[in-house]
Asker: 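Mind looking over this structure? Questions follow.
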Amino acid sequence: MQRLYSILFLAALCAAGCAPTKEDYRNDFVKGCVNRFAKDSTVASTEGRKWVEDFCNCVGDQLNTQMDAGQWRLFNKSGDTSLSQFHAYIETCINNFNKNKLNPVK
């Protein structure tokens, strides 16, 4: 019986250690964000892709301050539908992206 408890304890430790971190979920969000928005014809250029990467990283950083790993997991599953509740946190990211799009630095 003691051995069974030891095995279960080790399995639990491994499962806890193998669980994705909030940074893992943030990185997944950023990758999906970049892939989704970089295809838009208005930013489909090397410069535009940089703006998208900056935007997605900015949003990821802002959301990372508001969510733990469990919240990230649920958020990433929900798609963009829950992004509006974080608008106040990501407004600066949106404004910077729009500024770059309208007034690109050459």
Asker: Rounded to the nearest 0.5 Å, what separates atom CG in N27 from atom CG in N57?
Answerer: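 One finds 8.0 Å between CG of N27 and CG of N57.
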
Asker: Working to the nearest 0.5 Å, report the span between OG1 of T46 and CH2 of W51.
Answerer: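 If we round to the nearest 0.5 Å, T46:OG1 and W51:CH2 are 11.0 Å apart.
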
Asker: Can you list the residues that meet the side-chain hydrogen bond (donor to acceptor under 3.5 Å, both in side chains) rule with E23, with sequence neighbours excluded?
Answerer: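 Result, side-chain hydrogen bond (donor to acceptor under 3.5 Å, both in side chains) vs E23: N64.
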
Asker: Look at the rings of F55 and F97 and say which category their plane angle falls in: under 30° parallel, 30 to 60° tilted, over 60° perpendicular.
Answerer: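 Rings of F55 and F97: tilted, 30 to 60°.
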
Asker: Measuring from I90:CD1 to Q62:CD, what's the distance to the nearest 0.5 Å?
Answerer: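 The CD atom of Q62 is 9.0 Å from CD1 of I90, to the nearest 0.5 Å.
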
Asker: I'd like to check F75 versus M67 (side-chain heavy atoms, cut-off strictly below 4.5 Å). Are they in contact?
Answerer: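 A side-chain contact under 4.5 Å exists here.
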
Asker: Any non-hydrogen side-chain atom of K50 less than 4.5 Å from a side-chain atom of D54?
Answerer: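 Answer yes - side chains close enough.
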
Asker: When rounded to the nearest 0.5 angstrom, what distance separates CG in N95 from CG in N100?
Answerer: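 With rounding to 0.5 Å, CG (N95) is 11.0 Å from CG (N100).
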
Asker: Quick one: list whatever passes side-chain hydrogen bond (donor to acceptor under 3.5 Å, both in side chains) with E91, sequence neighbours left out.
Answerer: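 Per chain and number, E91 pairs via side-chain hydrogen bond (donor to acceptor under 3.5 Å, both in side chains) with no residue.
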
Asker: Determine the minimum heavy-atom distance between C56 and V30, stating which atoms define it.
Answerer: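 C56 and V30 have their closest heavy atoms at O-CG2, 3.5 Å.
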
Asker: Could you tell me which residues satisfy side-chain contact (heavy atoms from CB on, under 4.5 Å) with T92, sequence neighbours excluded, listed by chain and number?
Answerer: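 Counting only residues at least two positions away or on another chain, T92 forms a side-chain contact (heavy atoms from CB on, under 4.5 Å) with N96.
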
Asker: Check whether any side-chain heavy atom of Q71 lies under 4.5 Å from a side-chain heavy atom of Y25, and answer yes or no.
Answerer: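 Q71 does not reach Y25 side chain to side chain.
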
Asker: Quick check: closest heavy atoms across A69 and P20, and the distance to 0.1 Å?
Answerer: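 Looking at all heavy atoms of both residues, the shortest contact is CB-O, 4.0 Å.
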
Asker: Could you tell me whether the side chain of R26 reaches within less than 4.5 Å of the side chain of T21, counting heavy atoms only?
Answerer: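 No, every pair of side-chain atoms sits at 4.5 Å or beyond.
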
Asker: Closest approach of V34 and V52, non-hydrogen atoms and distance?
Answerer: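 Scanning both residues completely, I find the closest heavy atoms to be CA-CG1, 3.8 Å.
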
Asker: Measure up the W72 and F29 rings against each other and bin them: parallel (under 30°), tilted (30 to 60°), perpendicular (over 60°).
Answerer: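 Ring orientation, 0 to 90° scale: tilted.
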
Asker: Can you check whether L63's main-chain N or O pairs, donor with acceptor, with Q66's side chain at less than 3.5 Å?
Answerer: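 A pair under 3.5 Å: no.
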
